[in-house]
2 protein chains.
Amino acid sequence: MIKNSYYPFFTNLANKLKMDIILSLRKKEKNVTELTKDLVVEQSKISHALSSLKCCNIVKVKQLGKQRTYYLNKDTILKILKLIDNHAHTYCKSECCEKIR
Amino acid sequence: MIKNSYYPFFTNLANKLKMDIILSLRKKEKNVTELTKDLVVEQSKISHALSSLKCCNIVKVKQLGKQRTYYLNKDTILKILKLIDNHAHTYCKSECCEKIR
DNA sequence: TAATCATATGAAGTATATTTCATATGTATT
DNA sequence: AATACATATGAAATATACTTCATATGATTA
């Protein structure tokens, strides 16, 4: 069902920066400036990343004056991360996963 | 906490062929030849894809003579796919997700 | 044990996604 | 209304992942 909806969703998660953003927003919602400082990453990178995360409704925004505060759509993501944590804990002992192709 | 284990895992899922393999194995375990016929894809592509899926323990293998039968490690994957299905059903109405970057 | 079948693998070529940089847009402040 | 601040966006450059093709390996059969 909706097979192709998997692809863009996972493409979003298969990215170090986007995952860092997700993990950062998991603690607390943040605006773009705060994210750039928190992750020490250039602003446009953050904006580009947020843009695709927002596409898939992984994050949402609210505008407050000139700032835009991004926050996690926790519904889906937190459950997925927990599943992966369990998986990794059980199955990913080796360094094999480092060199995916 | 194992942050980087997310990355290779999702990289595996962010791929049409690998997802097709997963969905095919969801129905029934198969050897490489069966997968190539089922998905109409060249053998080495299937083997490469299986290799990285196996890395992350998304699939497992058992050898039977000269055949190798691959099967899903259903533990994690099926739950994740179900979460994504729910997510997609609720949040992915638009064609926005098609043009990720 | 030579031949065949099933699968794996390396490396170059190609496709796709990310980064970078310059600039645009939109909101607030003076 | 001009300036400054916050964020977004386009496009070229770069990095990364995938595909292809030729060949290797390992198991079975004649």
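Protein chains get the first letters and strands the later ones, always in sequence-line order, with residue 1 at the start of each.
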> What is the ring orientation for B/Phe10 with A/Phe10, classed by angle as parallel under 30°, tilted 30 to 60°, or perpendicular over 60°?
Replying inline: parallel
> To the nearest angstrom, how far is B/Leu39 atom CG from D/dT19 atom P?
Replying inline: 12 Å
>> Among A/Lys62, A/Glu29, A/Lys54, which residue satisfies the side chain to side chain contact (heavy atoms under 4.5 Å, CB included) criterion with A/Tyr70?
In response: A/Lys54
> What is the distance from atom CZ of A/Arg26 to atom CE of A/Met19, rounded to the nearest 0.5 Å?
Replying inline: 9.5 Å
> Rounded to whole angstrom units, what separation is found between the CD1 atom of B/Ile46 and the P atom of C/dT7?
Replying inline: 11 Å
>> Whether B/Lys45 contacts D/dC18 is assessed here as follows: a side-chain N or O lying under 4.0 Å from the phosphate OP1 or OP2. Is that the case?
In response: no
> If each of A/Ala14 and B/Thr33 is mapped to the nucleotide of DNA chain C with the nearest heavy atom, which maps nearer the 5' terminus, i.e. the 5' end?
Replying inline: B/Thr33
>> Rounded to whole Å, how long is the line connecting atom NZ of B/Lys16 with atom P of C/dT16?
In response: 13 Å
> For B/Asn15 and D/dA17, is the shortest distance between a side-chain N/O and OP1 or OP2 below 4.0 Å?
Replying inline: no
> Please give, in whole Å, the distance from D/dC5 P to A/Lys37 NZ?
Replying inline: 12 Å
> Taking the side chain from B/Asn73 and the backbone from B/Ile58, do they hold a donor-acceptor pair closer than 3.5 Å?
Replying inline: no
> What about B/Gln43: does its side chain form a donor-acceptor pair under 3.5 Å with the base of C/dA6?
Replying inline: no
>> Could you tell me how far apart B/Leu17 (CG) and C/dT16 (C1') are, to the nearest whole angstrom?
In response: 15 Å
>> Whole angstroms only, please: what is the NZ-C1' distance between B/Lys54 and C/dT7?
In response: 12 Å
>> I'd like to know if A/His48 reaches the base of D/dT7 with its side chain such that a donor and an acceptor end up less than 3.5 angstrom apart.
In response: no
> Any chance the side chains of B/Thr69 and B/Lys30 put a donor and an acceptor closer than 3.5 Å?
Replying inline: no
>> The side chain of A/Glu42 is closest to which nucleotide in this list: D/dT20, C/dT20, D/dC18?
In response: C/dT20
> For A/Met19 and C/dT18, what is the distance between atoms CE and P respectively, to the nearest whole Å?
Replying inline: 12 Å
Donor-acceptor pairs under 3.5 Å, side chain of residues 33-41 of chain A to any protein atom, not counting sequence neighbours: which ones?
unit_1	atom_1	unit_2	atom_2	d
A/Glu34	OE1	A/Asn31	N	2.9
A/Thr36	OG1	A/Thr33	O	2.6
A/Asp38	OD2	A/Ser24	OG	2.7

>> Any donor-acceptor pair, under 3.5 Å, between the side chain of B/Ser44 and the base of D/dC21, if you only look at N and O atoms?
In response: yes
> Does OP1 or OP2 of D/dA17 have a side-chain N or O of B/Tyr7 closer than 4.0 Å?
Replying inline: yes
> Of all the nucleotides listed (C/dT18, D/dA8, C/dA8), which has the minimum atom distance to the side chain of B/Val32?
Replying inline: C/dA8
> Do the side-chain N or O atoms of A/Lys18 get closer than 4.0 angstrom to the phosphate oxygens (OP1, OP2) of C/dA17?
Replying inline: no
> Could you state the CG-P distance from A/Leu50 to D/dT9, rounded to the nearest angstrom?
Replying inline: 11 Å
> Taking DNA chain C as the partner, which of residues 60-71 of chain B come within under 4.0 angstrom of it by heavy atom?
Replying inline: B/Lys66, B/Gln67, B/Arg68, B/Tyr70
> Distance-only, no hydrogens or angles: does the B/Ser51 side chain make a donor-acceptor pair with backbone N or O of B/Ser47 under 3.5 Å?
Replying inline: no
> Can you list the residues that meet the salt bridge (Lys or Arg N to Asp or Glu O under 4.0 Å) rule with B/Lys82, with sequence neighbours excluded?
Replying inline: none
